[in-house]
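Atoms within each ligand, like the ligands themselves, are counted from 1 in listed order.
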Amino acid sequence: MTSTKINRAAFVIARCREIAGFTEVSGETTRFFLTQSMHAVHALLRRWSEGIGMTVHVDAAGNLRAFWPGSSPKSPRLIIGSHLDTVPNAGAFDGTLGVVLGISIVEQLRGKHLPFAIEVIGFSEEEGVRFNKPFLGSLAVVGKLDAEILALKDCDSISVSEAIRAFGLDPAQIPEAILSEEAFAYLELHIEQGPVLESEETPLAVVEALVGQTRMQLTFSGQTNHAGTTPMHLRHDALAAAAEWVVSVEQYAGSYNGLVATVGKIEVSPSAGNVIAGHVPASLDVRHANDEIRKLAVATLQQSAEQAAAKRGVRVTAFSQLDQSAVPLDLRLAAILQEAATRAGITSRRMVSGAGHDAMILAPYVPSAMLFLRSPGGLSHHPDETVLSTDVEAALATAMEFLELLRGDIAIPKEHHA
Ligand code: HGY
Ligand code: MN
Ligand code: MN
């Protein structure tokens, strides 16, 4: 590989690490929906984008939108995007890599205008941490950021629309964030976030579908009481009920091929060593490629929560935060993307994504494709998340071949033929 190619990959990685430095918690990368550190991220991406001649704006949902025109004013538009928010104490590449690579792809054009325009979108929110509702940015782009979502409140009782205003944006202008009618395809480049590519020593994967996911909160309500004076048979211990349930979640998911279920967040109230816990809200994240299996799992796990609660005289309530069906991606674009990898001399495989991505929100509205890069150590949602520069170069080379194949108007709708 020539030094310029290594340089461009190293440059992409350096830019991702620079963006990772903008955080709400010093010493780690934590950047939720429209928190103040997102302003600095936008400023840096704007500088890089405008520096290569792109025009940039931030839409009313806080998505960064960078535009590179096509060879004619009404050219069709290829969207390249991913998200700029993170989970707590995140790595530098989940989401950010797809946005930085989008700008780098335009940079490789060296001023050339293709028969289609390119719009790079840095979505403002995909993880769903601040408001327990993922995909806020991409929902705005497909016109689904509705009043119910805008009224959701974070742990400081700030609503989504108040967060938008506090960021200096106007929720009334959210309809202007909707995707251009010229959009003919969406491409998201993202780390795999799992161990498959590394285990097969394969640099890239073309994603065929994204599994469905359910996100819920279950709250166990018992009786707070004195740890010393309350005999075991007279307790209504909410934490003991939740703990028994958490183990049953792990056991049930382990018994079903392709099913994953996670209790990643649990809070204990009043959380004192000498007090029996009376109030325990817990998260539930269930995913499977088959929606029927996922829904059966959710129903079964709710029943096991009720059983664990009932034997202790504890109540349990549940409310859904996300019921996202499995989403197939565009198989014609997937074939073009895999052909592009082959032309770039890169080995790739097909796979289903266990992680959610903005592509699952866009796919019902615009033909969508995803390219995964290998995750060393299979690690993600972790500060040690990383990528190999050779894989970043492979992804860039594949993306440039993808543009060439699109240019050959294989995927551009005929009426858009420039
Ligand atoms: O949780 C996910 O699937 C993704 O990382 N947002
Ligand atoms: Mn993530
Ligand atoms: Mn992501």
Whether Thr23 side chain and Thr30 backbone form a donor-acceptor pair below 3.5 Å: yes
Please verify the inter-ring angle class for His113 with Trp68; under 30° counts as parallel, over 60° as perpendicular, anything in between as tilted. parallel
The side-chain contact (heavy atoms from CB on, under 4.5 Å) partner of Phe372 among Val206, Leu197, Leu204 is Leu197
His83/Phe135 aromatic ring centres below 6.0 Å: no
At the Mn ion (ligand 3), OD1 of Asp94 and NE2 of His190 open up to roughly (10° bins) 80°
Roughly how far, to the nearest 0.5 Å, is CG of Leu371 from CG of Leu337? 5.0 Å
From the options Gln324, Gln193, Arg287, select the one whose nearest heavy atom is closest to atom 2 (C) of ligand 1. Arg287
Is the distance between the Mn ion (ligand 2) and the nearest N/O/S atom of Glu127 smaller than 2.8 Å? yes
Quick check on Arg215 - does any of its heavy atoms sit under 4.0 Å from an atom of ligand 1? yes
Within ligand 1, which atoms have a heavy atom of Glu126 less than 4.0 Å away? 4 (C), 6 (N)
Provide, to 0.1 Å, the distance between atom 4 (C) of ligand 1 and the closest protein heavy atom, together with that atom's residue and name. Gly356 O, 3.4 Å
The Mn ion (ligand 3) to nearest N/O/S of His357 less than 2.8 Å: no
The answer for which part of His357 has a heavy atom under 4.0 Å from ligand 1 is neither
